[in-house]
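Take a look at the structure below.
These numbers come from the heavy atoms of this one structure, side chains and all, not from hydrogens, waters or symmetry mates.
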Amino acid sequence: MLIIFDSDPESAALIRQILEDECDISHQSIQEIIDDPVKLITVINKDKLRLINTVFIEISMKTRYNGIDLAQKIVKINPDIHIVFTTEYGKFYIQQAFLDCYDVYPCAYLVKPINKYFLKRTIEKIRFMDKNRNVIWIKTQRTLISVNENNIIYISIDGHCTAFHLSNQVYRS
């Protein structure tokens with residue numbers, strides 16, 4: 001699930017349209033929240049199953065909190081949510097977003113009006129990150145192997161090696 005948080009309904013609608021038309025994201029998977037930071041935080045707090053994986057946040061909100069403040073609150077609730085900042089004021093906010101947000105790691109920064117190409121590339125990046133999120137890398141004597149952490153049954157010590165036991169394989173590092 002994806003949330004678009006913006007102060008401008010037209011901007012949120014444009015992002016939704018691009019996501020649906022260009023990125024094959026269903027209408028039901030997108031929720032728009034307009035100019036209500038309390039509602040945004042409430043929705044994130046109620047997401048106990050962690051179904052929300054991406055939040056598009058306008059930085060320059062005219063509310064009590066700006067988008068950077070909200071992003072910091074969101075990652076405290078769920079550090080796995082992908083944050084995508086959007087704004088009309090590119091030069092000023094890009095510095096603030098990347099220098100002041102050491103606890104928020106935005107995966108993209110999009111300048112309004114939103115460009116289809118860059119939004120599509122952002123979704124591709126998020127999908128790539130999600131696909132590789134639960135992968136660990138094991139260095140064996142001969143190679144480096146990627147293993148999904150969900151496939152590891154248990155880990156043991158075998159002499160001076162660590163043994164990763166999968167259902168049909170054991171890798172020693």
Side-chain angles (χ1 to χ4, degrees), residues 1-137 146 148-149:
M1 183 173 184
L2 193 143
I3 295 177
I4 302 167
F5 182 74
D6 207 303
S7 62
D8 177 21
E10 291 177 18
S11 179
L14 174 64
I15 293 170
R16 177 190 278 275
Q17 181 182 1
I18 295 170
L19 290 169
E20 290 175 6
D21 296 346
E22 303 292 327
C23 304
D24 296 323
I25 297 176
S26 72
H27 185 80
Q28 297 85 349
S29 297
I30 304 170
Q31 180 177 356
E32 292 177 33
I33 300 175
I34 307 300
D35 225 9
D36 188 350
V38 173
K39 182 176 180 183
L40 174 65
I41 297 303
T42 302
V43 168
I44 300 292
N45 267 321
K46 288 183 178 178
D47 184 32
K48 301 298 181 202
L49 297 177
R50 305 280 171 122
L51 299 176
I52 300 167
N53 83 328
T54 304
V55 179
F56 286 79
I57 302 177
E58 180 183 13
I59 293 177
S60 55
M61 302 296 293
K62 295 168 184 71
T63 61
R64 188 171 136 203
Y65 301 105
N66 68 26
I68 295 169
D69 298 331
L70 290 171
Q72 290 172 320
K73 290 179 182 301
I74 289 168
V75 298
K76 284 181 183 171
I77 298 166
N78 180 355
D80 294 329
I81 288 181
H82 300 287
I83 301 294
V84 178
F85 285 126
T86 64
T87 189
E88 302 168 336
Y89 309 104
K91 289 184 179 180
F92 174 75
Y93 282 116
I94 196 165
Q95 292 174 58
Q96 183 183 5
F98 287 103
L99 294 176
D100 292 349
C101 290
Y102 51 86
D103 53 347
V104 176
Y105 300 101
C107 66
Y109 183 90
L110 301 173
V111 178
K112 294 178 179 181
I114 301 298
N115 178 294
K116 282 183 192 180
Y117 172 79
F118 291 120
L119 180 53
K120 193 173 179 180
R121 293 286 294 151
T122 299
I123 295 301
E124 289 170 3
K125 178 180 178 180
I126 290 168
R127 287 176 176 157
F128 176 81
M129 291 168 70
D130 283 345
K131 184 176 85 173
N132 292 302
R133 181 170 272 174
N134 296 330
V135 171
I136 65 166
W137 292 89
S146 68
N148 187 307
E149 66 184 25

Could you tell me which residues satisfy side chain to side chain contact (heavy atoms under 4.5 Å, CB included) with [X], sequence neighbours excluded, listed by chain and number?
X    : value
F118 : L110, N115
E124 : K120, R121
K39  : Q31, I33, D36, V43

Taking all heavy atoms of [X] and all of [Y], pick out the closest pair and write down the distance.
X   : Y   : result
T42 : V38 : OG1-O, 2.7 Å
D35 : S7  : OD1-CB, 3.6 Å
F85 : G67 : CE2-O, 3.7 Å
P37 : L70 : CB-CD2, 3.7 Å

(request) Starting from the C-alpha separation in whole Å, work towards a yes-or-no answer on side chain to side chain contact (heavy atoms under 4.5 Å, CB included) for I74 and L40. (result) CA-CA 9 Å; I74 289 168; L40 174 65; 3.9 Å; yes
Quick check for you: to the nearest 0.5 Å, what is the distance between [X] atom [atom1] and [Y] atom [atom2]?
X    : Y    : atom1 : atom2 : answer
I83  : F56  : CD1   : CZ    : 10.5 Å
M1   : I30  : CE    : CD1   : 9.5 Å
D47  : N45  : CG    : CG    : 9.5 Å
I123 : C107 : CD1   : SG    : 8.0 Å
S60  : D8   : OG    : CG    : 10.0 Å
E58  : K112 : CD    : NZ    : 3.5 Å

(request) Tell me, with the steps shown, if I81 and I3 meet side chain to side chain contact (heavy atoms under 4.5 Å, CB included). (result) CA-CA 10 Å; I81 288 181; I3 295 177; over 6 Å; no
(message) Once salt bridge (Lys or Arg N to Asp or Glu O under 4.0 Å) is applied, do any residues pair with D80, and if so which ones, sequence neighbours excluded?
(response) none
(request) Just jot down the salt bridge (Lys or Arg N to Asp or Glu O under 4.0 Å) partners of R127, sequence neighbours excluded, or say none. (result) none
(request) Could you verify whether a donor N or O on one side chain and an acceptor N or O on the other, from D130 and N53, lie under 3.5 Å apart? (result) yes
(request) Take E32 and D6, measure what side chain to side chain contact (heavy atoms under 4.5 Å, CB included) needs, and give me the verdict at the end. (result) CA-CA 8 Å; E32 292 177 33; D6 207 303; over 6 Å; no
(message) Are more than 12 heavy atoms, taken from residues, nucleotides or ligands other than K73, located less than 6.0 Å from that residue's NZ atom?
(response) no
Could you check if a side-chain atom of [X] sits within less than 4.5 angstrom of a side-chain atom of [Y], using non-hydrogen atoms only?
X    : Y    : value
I59  : Y109 : yes
I41  : I77  : yes
I114 : I18  : yes

(request) Determine, step by step, whether L119 and E22 satisfy the side chain to side chain contact (heavy atoms under 4.5 Å, CB included) criterion, reporting the C-alpha distance in whole Å, the side-chain angles of both residues, the deciding distance to 0.1 Å, and the verdict. (result) CA-CA 9 Å; L119 180 53; E22 303 292 327; over 6 Å; no
(request) Go through the structure and list residues passing side-chain hydrogen bond (donor to acceptor under 3.5 Å, both in side chains) with T122, not counting sequence neighbours. (result) none
